[in-house]
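Inspection log for the structure reproduced underneath, given as structure tokens.
On a predicted model such as this, the values are computed, not experimentally measured, just so you know. Whatever order the structure lists them in is the order used to number ligands and atoms, beginning at 1.
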Amino acid sequence: MPHTLVVQAHQAVCLITLHRPQALNALTTELLGELAAELQRCADDPQVRAVVLTGSRKAFAAGADLNEMAERDLVGMLDDPRQAHWQQITRFPKPLIAAVNGYALGGGCELAMHADILIAGDDAQFGQPEINLGIMPGAGGTQRLLRAVGKSLAMQMVLSGEAIGARRALDAGLVSEITPPELTVERALQVAQRIAAKAPLAVRLAKEALLKAQDVDLASGLRFERHAFTLLAGTADRNEGIRAFQDKRPAEFLGR
Ligand code: DAK
């Protein structure tokens, strides 16, 4: 049983809630380890087709736990178990949706950016305040933020430590929707349920292809897309999808 998370099944969607209310969900090694393990469990469980990750109304997560960080020196950083946990979280293969209310700062913002889709309450604050502490983002913040919001805003946020609100995050493309805070999780679950009803292999390969667009040149990305598309042509779910359309009934996808 995790100590720092609350995990609930909503049919084919797993809702994971960060739960360290005493520290605005600051990310300890324990929390990151439990999250990585829970995501691995979701990845291995064929019943789970999508995950929603959220925090509290006040904070998605206020960054790395600064009390824990204060105890780690450079030598401790070199074999820091948090590195491995972050790597594992990065590799999650199923759709991951972040429902963000309140503060998403430092590692909290970086964690939200690990999600494939971000839905934010209109009170959300996204920021990389590491510069205020004499450090810089270390869990993908410089790379993912720049890709999400472009150079100028990413530079401004990382170099000045200034946070942006939900509306600005929406305009910049960091989040795909904003909602009243009391509806953020509900809306994220709704989107996740919709995705969970699709063919799992198609969802998985589409996610992989979309992520490739950020990493590789156009020709390589198009090659990957062609291979993935051809692969899906041989699946039972593709036949079911087309047959269901012709029969005018909802498709029942089995992940084969
Ligand atoms: N760590 C530990 N405790 C925290 C915390 C944090 N990051 N943020 C808040 N808390 C605690 C506060 O100490 C306070 O505890 P008590 O005093 O009540 O015991 C409680 O949560 C409530 O916080 P506040 O009283 O401060 O609440 P306010 O509403 O006044 O302010 C705030 C909210 C979010 C603006 C403020 O708490 C704040 O500025 N928090 C710190 C934000 C921050 O600087 N975060 C850390 C950035 S550094 C790595 C990868 C990534 C990272 C590290 C390593 N590797 C790959 C190894 C990431 C680094 C970072 O995230």
Side-chain angles (χ1 to χ4, degrees), residues 2-6 17-40 53-92 96 98-115 118 120-149 153-169 174-175 181 184:
H3 291 116
T4 59
L5 308 174
V6 177
T17 305
L18 307 179
H19 188 64
R20 293 193 67 231
Q22 72 283 11
L24 304 184
N25 294 328
L27 307 170
T28 54
T29 304
E30 182 189 29
L31 184 150
L32 288 170
E34 290 188 345
L35 180 59
E38 199 50 43
L39 288 175
Q40 188 59 53
L53 179 63
T54 195
S56 67
R57 280 289 287 278
K58 180 162 181 192
F60 177 76
D65 189 286
L66 292 174
N67 299 320
E68 190 184 69
M69 259 178 87
E71 288 163 16
R72 272 188 189 274
D73 57 9
L74 177 61
V75 177
M77 291 287 289
L78 293 177
D79 63 348
D80 190 334
R82 290 175 303 174
Q83 304 269 15
H85 299 325
W86 278 110
Q87 287 302 319
Q88 205 178 333
I89 293 166
T90 305
R91 287 193 298 266
F92 183 61
L96 179 62
V100 179
N101 284 324
Y103 297 111
L105 300 178
C109 186
E110 291 172 305
L111 180 59
M113 289 192 291
H114 275 68
L118 282 77
D122 55 25
D123 65 345
Q125 293 273 321
F126 295 88
Q128 299 290 162
E130 290 88 343
I131 206 81
N132 299 329
L133 305 168
I135 55 172
M136 61 176 274
T142 58
Q143 304 304 300
R144 291 195 180 90
L145 188 65
L146 188 136
R147 283 166 168 79
V149 306
L153 183 55
M155 284 280 183
Q156 189 172 331
M157 290 171 68
V158 170
L159 302 186
S160 76
E162 248 175 44
I164 58 170
R167 167 61 56 185
R168 186 90 199 271
L174 180 59
V175 309
T184 314

task = Check ligand 1 against Trp86 and write out every atom of the ligand that is under 4.0 Å from a heavy-atom position of the residue.
result = 50 (C), 56 (C)
remark   = Logged contact type for Asp65 with ligand 1, heavy-atom cut-off 4.0 Å, is both
ask   = Which of the listed options, Gly108, Ala163, Ala64, Ala70, holds the heavy atom that is closest to atom 59 (C) of ligand 1?
value = Ala64
ask   = Applying a 4.0 Å heavy-atom criterion (strictly less than), which segment of Leu27 is in contact with ligand 1: side chain, backbone, both, or neither?
value = neither
message = Could you tell me, atom by atom, which parts of ligand 1 come under 4.0 Å of a heavy atom of Gln22?
response = 15 (O), 20 (C), 21 (O)
key: Main-chain N/O of Ala163 paired with Gln125 side-chain donor or acceptor, under 3.5 Å   = no
ask   = Between Glu68 and Thr29, is there a donor-acceptor pair closer than 3.5 Å when you use the side chain of the first and the backbone of the second?
value = yes
task = Return yes if some donor-acceptor pair links the side-chain N/O of Gln128 with the main-chain N/O of Thr142 below 3.5 Å, else return no.
result = no
ask   = Is the closest heavy atom of Lys58 to ligand 1 under 4.0 Å?
value = yes
ask   = Once you round to the nearest 0.5 Å, how far does CG of Leu153 lie from CZ of Arg168?
value = 4.5 Å
key: ligand 1 contacted by Glu68 (non-hydrogen, < 4.0 Å)   = no
inquiry  = Quick one: does any side-chain atom of Thr54 pair with a main-chain N or O of Ala99 as donor and acceptor, under 3.5 Å?
reply    = yes
For Gly106, the ligand 1 atoms whose distance to one of its heavy atoms is below 4.0 Å = 61 (O)
query = Among Gly138, Ala59, Cys109, Ala62, whose heavy atom sits nearest atom 43 (C) of ligand 1?
reply = Ala62
ask   = Does some side-chain heavy atom of Glu110 sit less than 4.5 Å from a side-chain heavy atom of Glu130?
value = yes
Leu66, any N or O under 3.5 Å of ligand 1 N or O = yes
message = Quick check on contacts: which atoms of ligand 1 are under 4.0 angstrom from a heavy atom of Glu110?
response = 51 (C)
query = Which of the atoms in ligand 1, numbered in the order shown and given with their element, are less than 4.0 Å from a heavy-atom of Leu105?
reply = 34 (C)
query = Near Gly107, which atoms of ligand 1 are under 4.0 Å from a heavy atom of that residue?
reply = 58 (C), 60 (C), 61 (O)
Enumerated ligand 1 atoms positioned under 4.0 Å from heavy atoms of Ala26 = 1 (N), 2 (C), 6 (C), 7 (N)
ask   = What residues, two or more places apart in sequence or in another chain, satisfy side-chain hydrogen bond (donor to acceptor under 3.5 Å, both in side chains) together with Ser160?
value = none
task = For Asp65 and Leu27, indicate whether the former's side chain and the latter's backbone hold a donor-acceptor pair under 3.5 Å.
result = no
remark   = Smallest heavy-atom separation, Phe60 atom then Leu18 atom, equals O-CD1, 3.5 Å
ask   = So, Glu30 versus Thr4: side-chain donor-acceptor pair below 3.5 Å or not?
value = no
message = Within ligand 1, which atoms have a heavy atom of Gln83 less than 4.0 Å away?
response = 56 (C)
